[in-house]
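Heavy atoms only: backbone and side chains are in, while hydrogens, waters and symmetry mates are out. Protein chains get the first letters and strands the later ones, always in sequence-line order, with residue 1 at the start of each.
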Amino acid sequence: MRASTSPPGCIGTDGEHTLLEVSMGPHHPSTHGVFRMDVTLDGETVVKLKPVFGYLHRNHEKIAEKNSYLGSMPYTDRLDYICSLTNNWGYALAVEKLTGLSVPERAEYIRVILGELTRLINHSALAGFLLQDMGALGTPLMYAFREREKILDLFESLTGARMMCNYMRFGGCRCDLPPGWIEQTRSVVSRFPSFLDEFESLLTGNEILQARTEGVGALPGRLAVNAGVTGPMLRASGINYDIRKVDGYGAYGRFNFRVPLGERGDVFDRYMIRILEMRESLKILDQALRDIPGGPIMDPKAKLRNLRPKPGEAYGRIEGPKGELGFYLISDGGPNPYRYRVRPPSLINLTILEDMCLGQTIADAVVILGSVDIVLGEVDR
Amino acid sequence: MNGAGIIQGMIETARNFAGSYHDPERLTTVQYPEEKLPPVENARTIPFLVYDGGDAMAGLRCTACTICEKECPPQCIYIIKDLAKKPDYVGKMQLQPKVFDIDMSVCMSCGICVEVCPFDAIKMDQVFELSTSDRFLGLLFHKEQLAKPNGYFSQLHKTEAAEIDARRHEDKRKAEASAAARAAAAKPLPPGGVK
């Protein structure tokens with residue numbers, strides 16, 4: 001095609017091909033929020049991709065440096081708003097490291113139960129959205145959200161809110177479990193495997209799904225490690241790294257569970273790893289709900305207000321549903337942190353997007369982005 | 001066989017569709033404005049101020065200590081102290097708020113004000129139909145709008161309210177007993193006095 005007849009958006013030629021720059025987003029339904037991909041296309045093939053983010057920047061870190069330690073807890077709910085309880089946990093862990101508070105046994109179990117329920121929510125929502133990106137409009141997402149709803153009801157009866165839970169405190173949890181909560185959770189957990197079976201029979205064997213995902217967006221293990229990718233995405237590439245096993249934080253050292261691993265690191269592996277992780281989470285939940293001890297839920301040394309940790313620094317990290325969620329705090333002895341930094345798993349997993357998309361079609365880029373599992377509240381903070 | 005997976009998925013969808021007519025597990029939609037779910041005891045939306053007795057402004061438990069104002073993460077509470085004191089439930093003189101405003105457009109329903117309040121004066125409400133066409137003054141709630149009776153609080157959070165009422169009742173009994181003891185001790189000495 002000659003330059004004079006180039007379509008609008010044409011950015012020049014690459015030898016005999018005309019390249020086209022397409023700005024996907026920030027209001028594109030496949031970008032899961034306000035995220036933009038600057039894609040350069042040769043025909044339908046992606047030759048260059050630049051992720052652009054920052055549309056949802058809310059100054060989270062600076063607000064936290066102004067607020068008291070307690071005051072940042074409800075803001076962490078709003079990082080990754082699908083899994084607020086794991087965000088609470090990561091932040092509580094960092095402050096507990098900084099102040100040297102210990103967490104009573106019962107509170108550790110409650111945290112594990114809530115953390116794993118959050119993982120179920122996140123992975124089922126992700127599976128639904130991923131299939132939605134592939135064109136399975138509505139149905140799988142609705143089934144996934146139907147199950148998520150049951151867990152959100154549990155959260156509401158315990159923490160008072162469905163999504164913005166604000167439940168964990170430094171040295172324990174805010175309130176004890178209401179009567180009957182364990183039994184309700186048990187019944188939700190016991191019915192979850194049948195949902196997973198149903199979900200898998202709905203789509204995992206589907207030929208269109210397999211054709212769309214197998215071999216698409218492969219991420220070699222070596223590249224994943226070098227890019228700092230963590231969580232299910234790293235494990236889908238075959239690297240055995242799960243912070244629940246590596247650090248054994250909380251009560252995770254006591255539970256018997258396996259870490260599922262993928263082989264090729266393509267979109268199908270990333271989808272399957274989430275389904276398998278949900279099954280492992282159910283195992284952890286069964287054990288935790290069986291063994292949960294009685295006792296206090298707060299460290300007696302913990303205080304709610306006027307927390308002034310000694311000068312120092314701490315990094316608390318957990319295996320969030322999306323990857324390694326870390327909080328880095330520096331205290332100068334004052335009532336608010338001198339420096340507060342979040343290591344968001346979605347952002348760091350997103351940095352490798354271009355390498356996964358090169359040479360694929362633009363329709364596949366949408367699916368690859370869906371399999372990364374991003375939440376823009378966390379990417380932009 | 002090619003296509004078997006698709007047929008399998010169709011069967012699953014059909015099962016769900018048929019199930020949605022008789023199985024409550026599969027029919028979970030609530031027709032919201034007509035139907036409403038029963039409230040959950042722990043649920044929280046926006047804060048309100050608790051008062052005892054019949055007169056809202058005289059019975060406010062708030063002592064204008066401004067702890068909630070300082071701790072509120074998005075800084076949506078605004079308090080001016082009234083220098084005229086009033087007796088609280090145990091008869092101790094306490095300050096009271098002249099102005100107690102909460103900007104509901106800023107409030108993020110975290111409940112930290114409730115946790116830090118040492119007087120059980122601020123609690124979380126469960127109302128959720130709050131939309132208004134005036135987003136500035138319409139959402140700036142003054143203490144008159146915020147004040148709600150203790151009976152309302154007991155309806156929302158039964159367990160918590162029962163605990164608080166029992167504690168306050170006990171405090172009041174102790175205060176009355178010690179006041180009676182003090183009154184007895186302060187009685188004028190009998191004629192003749194102490195030797």
>> Any non-hydrogen side-chain atom of A:Asp299 less than 4.5 Å from a side-chain atom of A:Leu101?
In response: yes
Between [Y] and [X], is there a salt bridge with N-O shorter than 4.0 Å?
X: A:Glu147; Y: A:Lys150; value: yes
X: A:Asp197; Y: A:Arg279; value: yes
X: A:Glu96; Y: A:Arg169; value: no
X: B:Arg173; Y: B:Glu176; value: no
X: A:Glu200; Y: A:Arg274; value: no

Inter-residue atom distance [X].[atom1] - [Y].[atom2], 0.5 Å rounding:
X: A:Leu114; Y: A:Cys173; atom1: CG; atom2: SG; value: 7.0 Å
X: A:Asp77; Y: A:Met164; atom1: CG; atom2: CE; value: 6.0 Å
X: A:Ile292; Y: A:Ile110; atom1: CD1; atom2: CD1; value: 5.0 Å
X: A:Arg341; Y: A:Glu65; atom1: CZ; atom2: CD; value: 11.0 Å

> Does one side chain, of A:His57 or A:Asp380, offer a donor that lies under 3.5 Å from an acceptor on the other?
Replying inline: no
Between [X] and chain B, with a heavy-atom cut-off of 4.5 Å, which part of the residue counts as in contact: side chain, backbone, both or neither?
X: A:Leu70; value: both
X: A:Ser157; value: both
X: A:Leu158; value: backbone
X: A:Arg191; value: side chain
X: A:Ser68; value: side chain
X: A:Tyr75; value: both

>> Can you list the residues of residues 39-55 of chain B that sit under 4.5 Å from chain A, counting heavy atoms only?
In response: B:Val40, B:Asn42, B:Ala43, B:Arg44
> How about residues 106-127 of chain B versus chain A: which residues have heavy atoms under 4.5 Å apart?
Replying inline: B:Met108, B:Cys110, B:Ile112, B:Glu115, B:Val116
> Using the ring of each side chain (for Trp, its six-membered ring), is A:Tyr91 parallel, tilted or perpendicular to A:Phe170, with breaks at 30° and 60°?
Replying inline: perpendicular
>> Classify the ring geometry of A:Phe199 against A:Phe195: parallel below 30°, tilted from 30° to 60°, perpendicular beyond 60°.
In response: tilted
> For the candidates A:Gln210, A:Arg162, A:Glu149, A:Arg78, which exhibits the highest count of non-hydrogen atom pairs separated by less than 4.5 Å from chain B?
Replying inline: A:Arg78
